[in-house]
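Here's the structure, in structure tokens; my notes come after.
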Amino acid sequence: MSTFPVTRLRRLRRTAPLRDLVREARLDLDQFVMPVFVAPESSRNDELPPFSRFTVDDLLREVEDLVRLGVKSVILFGLPEEKDEEGSGAWIEDGIVQRALRALRPRFPELVLMTDVCLCEYTSTGHCGVIHDGEVDNDASVELIARTAVSHVEAGADIVAPSDMMDGRVAAIRELLPETPIVSYAAKYASAFYGPFREAVDSTPAFGDRRGYQMDPGNVREALRECELDLAEGADVLMIKPALPYLDVIRAVRDRFDAPLAAYNVSGEYALVKDAARAGHIDERAAALESLTAIKRAGADIVVSYWTKELAGWL
Ligand SMILES: [Zn+2]
């Protein structure tokens, strides 16, 4: 290998077009997914975007905006009229997400409609499953989660994304939905970075926390086991959540598996940059582009990000 002075790596950094020519990780709006929150009129809020809760009518307008900007995929989260112990609002035929899908599907035939499949926005306990004897009952929850996925597909979803971290939920959904792509939140960590999201969907657990089912932040080999199991159960895409504090996990999964890989750039990651920019410490656009590029460089194909709409304007 030749060294200096024959090799000079600065040669390709001299101008912007030269740098563009050799850039390894790129941001392409085609692979970004915008999260949106839909709620009945009674729990609509005036939280600033991207954490606003839209009514179905507001959502149609918002999505029209997104599509006009070039966004091709959204992931829907819902807030029910009422919560109960089983989270029945998640799977009922006229649930909030189901109503939103029926309104969106005919209006935006080309848009990829992905739904988050979980119970925590719908249970009175705020947990991702049903509670029996003070604990989240894995197998009973899996049945309800699969039922939720089916109801989303019947209402028009293209892709279902189970985020509950129960064991066996991908297999249960796959059995009922042989043709539907599943984006599995394969390695979802019990993270402190979900704050603004939990407020948006009002899903802070009423007791305890989610460490009994979400992953421990110290583990990466376990993430590989989760991914292996989800692929074996029939997942089409693996997802890692959060993204920025877990770039090493994204890289490890990328190196081990050939399936498409998604990363969820969560609300806390977004808020950190947003608030630091508001305080005048950093430039939001530059910091956001750098963060998203880092997620791509780590190996993610698909990025779910609250910056998707703004990114559409930047690119
Ligand atoms: Zn959940």
Side-chain angles (χ1 to χ4, degrees), residues 29 32-67 69 71 73-81 83 89-90 95-97 99-101 104 111 113-123 126 128 161 163 185 188-205 210 214 239 241-245 262-279 282 284-285 287-289 291-292 295 303-314:
L29 197 59
F32 276 79
V33 182
M34 181 70 191
V36 288
F37 305 103
V38 60
E41 186 68 42
S42 57
S43 53
R44 175 194 206 166
N45 68 1
D46 38 9
E47 193 65 39
L48 286 177
F51 303 117
S52 346
R53 296 175 193 163
F54 298 111
T55 61
V56 173
D57 285 343
D58 294 339
L59 182 65
L60 287 169
R61 277 188 288 276
E62 174 67 10
V63 168
E64 197 165 309
D65 231 24
L66 290 168
V67 168
L69 287 163
V71 173
S73 307
V74 296
I75 180 165
L76 268 75
F77 295 87
L79 260 96
E81 195 85 55
K83 299 180 188 243
I96 187 71
V97 166
R99 277 191 280 138
L101 287 165
L104 289 164
L111 181 70
L113 292 173
M114 193 185 299
T115 59
D116 180 86
V117 177
C118 198
L119 301 181
C120 53
E121 297 107 277
Y122 305 91
T123 50
C128 301
S163 63
Y185 287 70
K188 180 176 177 182
Y189 286 86
S191 170
F193 287 86
Y194 301 143
F197 169 87
R198 284 194 187 161
E199 280 164 42
V201 298
D202 184 27
S203 71
T204 304
R210 297 195 173 98
Q214 295 181 347
M239 182 141 77
K241 181 181 183 178
L244 292 171
Y264 199 133
N265 173 224
V266 303
S267 58
E269 300 169 36
Y270 174 89
L272 277 181
V273 171
K274 205 76 178 175
D275 290 350
R278 254 183 225 129
I282 55 175
E284 186 196 349
R285 178 181 160 156
L289 292 174
S291 300
L292 297 173
I295 296 167
V303 183
V304 180
S305 175
Y306 297 94
W307 271 304
T308 299
K309 187 176 183 184
E310 289 152 283
L311 182 69
W314 294 333

Just how far is it from atom OG of Ser43 to atom NZ of Lys83, taken to the nearest 0.5 Å?
-> 8.5 Å
Compare all side-chain heavy atoms of Val33 with those of Thr308 and state whether any distance is below 4.5 angstrom.
-> no
Measure the shortest side-chain to side-chain distance between Asp275 and Arg278 over non-hydrogen atoms and say whether it is less than 4.5 angstrom.
-> yes
Any Cys120 side-chain heavy atom under 4.5 Å of Arg210 side chain = yes
Identify the heavy atoms of Leu119 and Ala90 that sit nearest to each other, and give their distance.
-> CD2-CB, 3.8 Å
Should Ser305 and Leu311 count as side-chain neighbours, where that means a heavy-atom distance under 4.5 Å?
-> no
Gap between atom CH2 of Trp307 and atom CZ of Phe32 - 0.5 Å precision | 10.5 Å
Considering non-hydrogen atoms only, spot the tightest contact between Ala100 and Leu76 and give its length.
-> CB-CD2, 3.8 Å
Report the residues that fulfil side-chain contact (heavy atoms from CB on, under 4.5 Å) with Ala161, sequence neighbours left out, ordered by chain and then residue number.
-> Ile75, Met114, Val183, Tyr185
Is there a side-chain contact between Val63 and Phe54 (heavy atoms, below 4.5 Å)?
-> no
Qualifying residues under ring pair (Phe, Tyr, Trp, His ring centres under 6.0 Å), relative to Phe193, sequence neighbours excluded = none
Classify the side-chain pair Tyr270/Glu310 by whether it contains a donor and acceptor separated by less than 3.5 Å.
-> yes
Do the numbers put Lys241 on top of the ring of Phe197, so that NZ or CZ is under 6.0 Å from the six-membered ring centre and no more than 45° off the axis?
-> yes
Quick one: are Met239 and Tyr264 in side-chain contact, heavy atoms under 4.5 Å?
-> yes
For the residue pair Leu104 and Leu60, establish whether any side-chain heavy-atom pair is separated by less than 4.5 Å.
-> yes
Examine distances only and state if a side-chain atom of Arg53 and a backbone atom of Ala200 form a donor-acceptor pair shorter than 3.5 Å.
-> yes
To the nearest 0.5 angstrom, please state how far the OG atom of Ser203 sits from the CZ atom of Phe77.
-> 9.5 Å
Do Thr55 side-chain atoms and Glu41 backbone N/O form a donor-acceptor pair below 3.5 Å?
-> no
Do side-chain atoms of Glu269 reach the backbone of Leu244 as a donor and acceptor pair under 3.5 angstrom?
-> yes
Starting from the C-alpha separation in whole Å, work towards a yes-or-no answer on side chain to side chain contact (heavy atoms under 4.5 Å, CB included) for Arg99 and Val38.
-> CA-CA 10 Å; Arg99 277 191 280 138; Val38 60; over 6 Å; no
Are the side chains of Pro242 and Tyr194 in touch, meaning some heavy atoms are under 4.5 Å apart?
-> yes
Given side chain to side chain contact (heavy atoms under 4.5 Å, CB included), test Tyr189 with Val266 step by step and report yes or no.
-> CA-CA 11 Å; Tyr189 286 86; Val266 303; over 6 Å; no
Step by step, work out the side chain to side chain contact (heavy atoms under 4.5 Å, CB included) result for Glu81 and Ile96.
-> CA-CA 8 Å; Glu81 195 85 55; Ile96 187 71; over 6 Å; no
Give the C-alpha distance, both sets of side-chain angles, the deciding distance and a yes or no for side chain to side chain contact (heavy atoms under 4.5 Å, CB included) between Phe37 and Asp202.
-> CA-CA 11 Å; Phe37 305 103; Asp202 184 27; over 6 Å; no
For the pair Lys274 (side chain) and Glu284 (backbone), establish whether a donor and an acceptor sit closer than 3.5 Å, ignoring hydrogens and angles.
-> no
Which pair of heavy atoms, one from Pro196 and one from Gly268, lies closest together, and at what distance?
-> CD-N, 3.9 Å
